[in-house]
Amino acid sequence: MKLEALVKSSVLTQPIYEPGKPIEDVARELGLDPAGIIKLASNENPWGPSPKAVAAAKVALEHGELYPDGGCFALRQKLAAVHGLGANQYVIGNGSNEIIELLGHVFLGAGDEVVFGGPAFVVYKLVTLLFGAKAVEVPLQQWRHDLGAMARAITPRTKLVFVASPNNPTGTANDATELLAWARALPEHVVAVFDEAYAEYLAPEAAMDLRPLIAEGRKVIGLRTFSKIYGLASLRVGYGFAGAELAGLLNRVRQPFNVNAIAQAAALGALDDREFAEKCARENRAGLMQIETGLRGLGLEWVPSVANFMLVKVGDGARVFGVLQARGVIVRPVNVYGLPEWIRVTVGKPEQNTRLLAELAVAIRRV
Ligand SMILES: *Cc1c(COP(=O)(O)O)cnc(C)c1O
């Protein structure tokens with residue numbers, strides 16, 4: 001009997017996630033010097049983690065022989081103090097991607113439906129399909145979530161609806177007041193998941209505040225990550241915050257030691273350095289403007305972004321991606337998101353943005 005005959009059908013048809021290529025892979029494949037390569041492909045923070053996070057991680061590493069605190073007690077306490085919520089309202093994950101999977105464990109099975117935007121973060125679809133549920137993709141309207149159409153796409157079978165604001169790969173956000181009103185009007189039988197991976201890049205008045213909805217007992221959850229503005233993508237730590245009942249269900253289905261101790265310590269250190277995060281947000285806004293100015297000079301179209309990345313229309317996205325990569329600049333092709341004419345670029349340090357723009361000028365001229 002073939003092994004395949006034993007495998008769940010949802011696994012055989014599961015699409016494969018294509019991550020941004022690591023610098024070492026590109027260097028090896030193309031025979032380039034890794035020192036000359038820049039990666040602007042995965043929305044990582046070019047400023048790295050806060051020195052406070054690094055120092056805390058080093059201390060934790062000295063006790064690598066011990067299992068981590070499976071309950072992430074200190075991190076949940078700290079987050080609770082920062083946000084004014086209860087420590088029992090958090091679930092900490094191996095990246096916020098894990099929380100998306102935990103939502104699948106708790107809520108999804110065959111016959112269930114999940115509503116999200118198209119294009120939106122591809123992990124929503126991957127998790128939906130992995131649990132044998134049906135993905136209901138609602139096209140964006142002018143690059144933003146079409147909240148009305150998303151509400152209309154909800155059926156009695158819908159369990160989850162995902163909204164990323166700012167959204168990936170578009171970098172656009174929906175209006176915070178509009179999002180809250182929309183969430184309040186959702187039917188009782190759906191859980192609304194607000195993915196706030198890039199929320200710290202928004203101006204404070206533009207960020208949505210889910211806490212009143214949680215206090216009202218609504219079925220909502222916010223997802224946050226230490227991978228983006230906190231510069232800790234490598235350590236894999238993110239979290240969900242919700243009502244205590246929902247947080248408890250998600251905690252019930254996770255692995256006992258899903259978040260390692262070094263990541264927990266680094267996340268605690270990162271939360272102690274608010275100034276660093278604010279500096280990164282300021283630098284990012286300057287970087288967005290630098291890239292916009294450069295693109296205007298090149299006569300290229302882009303989608304105005306409020307995140308730390310941007311969609312740029314380059315004609316043949318796969319070709320331009322390839323030329324850029326051969327010249328040592330790794331960006332993200334977005335054909336998997338149904339955007340073959342575009343690439344997604346992460347905002348880098350000023351000198352990295354300059355390099356990106358210079359190589360882009362070469363790439364778009366080489367037809
Ligand atoms: C990067 C990103 C995340 C974060 O993923 P982690 O698993 O925390 O690294 C979550 N949602 C979106 C939309 C993202 O772009």
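Index from 1, following the sequence.
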Around [X], counting heavy atoms of other residues, nucleotides and ligands shown, do more than 12 lie under 6.0 Å from its [atom1]?
| X | atom1 | result |
| --- | --- | --- |
| Gln255 | CD | no |
| His63 | NE2 | no |
| Glu216 | CD | yes |
| Arg274 | CZ | no |
| Glu351 | CD | yes |
| Leu6 | CG | yes |
| Arg252 | CZ | no |
| Glu188 | CD | no |

No-hydrogen, no-angle side-chain donor-acceptor test under 3.5 Å, Thr354 and Gln290:
yes
Is it the case that the side chain of [X] and the backbone of [Y] share a donor-acceptor pair, with hydrogens and angles ignored and the cut-off at 3.5 Å?
| X | Y | value |
| --- | --- | --- |
| Arg319 | Ala363 | yes |
| Tyr90 | Leu79 | yes |
| Glu113 | Ile154 | no |
| Gln89 | Ala242 | yes |

Give a yes or no on whether [X] and [Y] share a hydrophobic cluster (residues Ile, Leu, Val, Met, Phe, Trp, Tyr; joining criterion: side-chain heavy atoms under 4.5 Å apart).
| X | Y | result |
| --- | --- | --- |
| Leu210 | Leu179 | yes |
| Phe241 | Tyr230 | yes |
| Leu288 | Leu298 | yes |
| Val138 | Leu108 | no |
| Val136 | Tyr124 | no |

Taking every non-hydrogen atom, the tightest pair across [X] and [Y]:
| X | Y | value |
| --- | --- | --- |
| Asn258 | Gly93 | ND2-CA, 3.8 Å |
| Asn174 | His145 | ND2-O, 3.0 Å |
| Ala173 | Leu202 | CB-CD2, 4.3 Å |
| Ile343 | Gly317 | CG2-O, 3.6 Å |

When the ring planes of Phe194 and Trp182 are compared, do they come out parallel, tilted or perpendicular, using 30° and 60° as the limits?
perpendicular
Run the side chain to side chain donor-acceptor pair (under 3.5 Å) test on Arg254 and Asn94 for me, step by step, so that the C-alpha distance in whole Å, both residues' side-chain angles and the decisive distance to 0.1 Å come before the verdict.
CA-CA 10 Å; Arg254 64 173 175 77; Asn94 197 262; over 6 Å; no
Walk me through it: do Phe131 and His105 pass the test ring pair (Phe, Tyr, Trp, His ring centres under 6.0 Å)?
CA-CA 8 Å; Phe131 287 93; His105 277 296; 4.9 Å; yes
dist Asp195:CG -> Thr225:OG1 (nearest 0.5 Å) comes out at 8.5 Å
For the pair [X] and [Y], find out whether any cationic side-chain nitrogen is under 4.0 Å from an anionic carboxylate oxygen.
| X | Y | result |
| --- | --- | --- |
| Asp272 | Lys52 | no |
| Glu98 | Arg236 | no |
| Glu137 | Lys125 | yes |

Check each of Leu213, Val191, Leu186 against Arg218 using the side-chain contact (heavy atoms from CB on, under 4.5 Å) test, and report the only one that passes.
Leu213
Taking Trp342 as the fixed residue, which of Phe321, Phe309, Trp302, Trp143 is the one that meets the ring-ring contact (aromatic ring centres under 6.0 Å, His included) rule?
Trp143
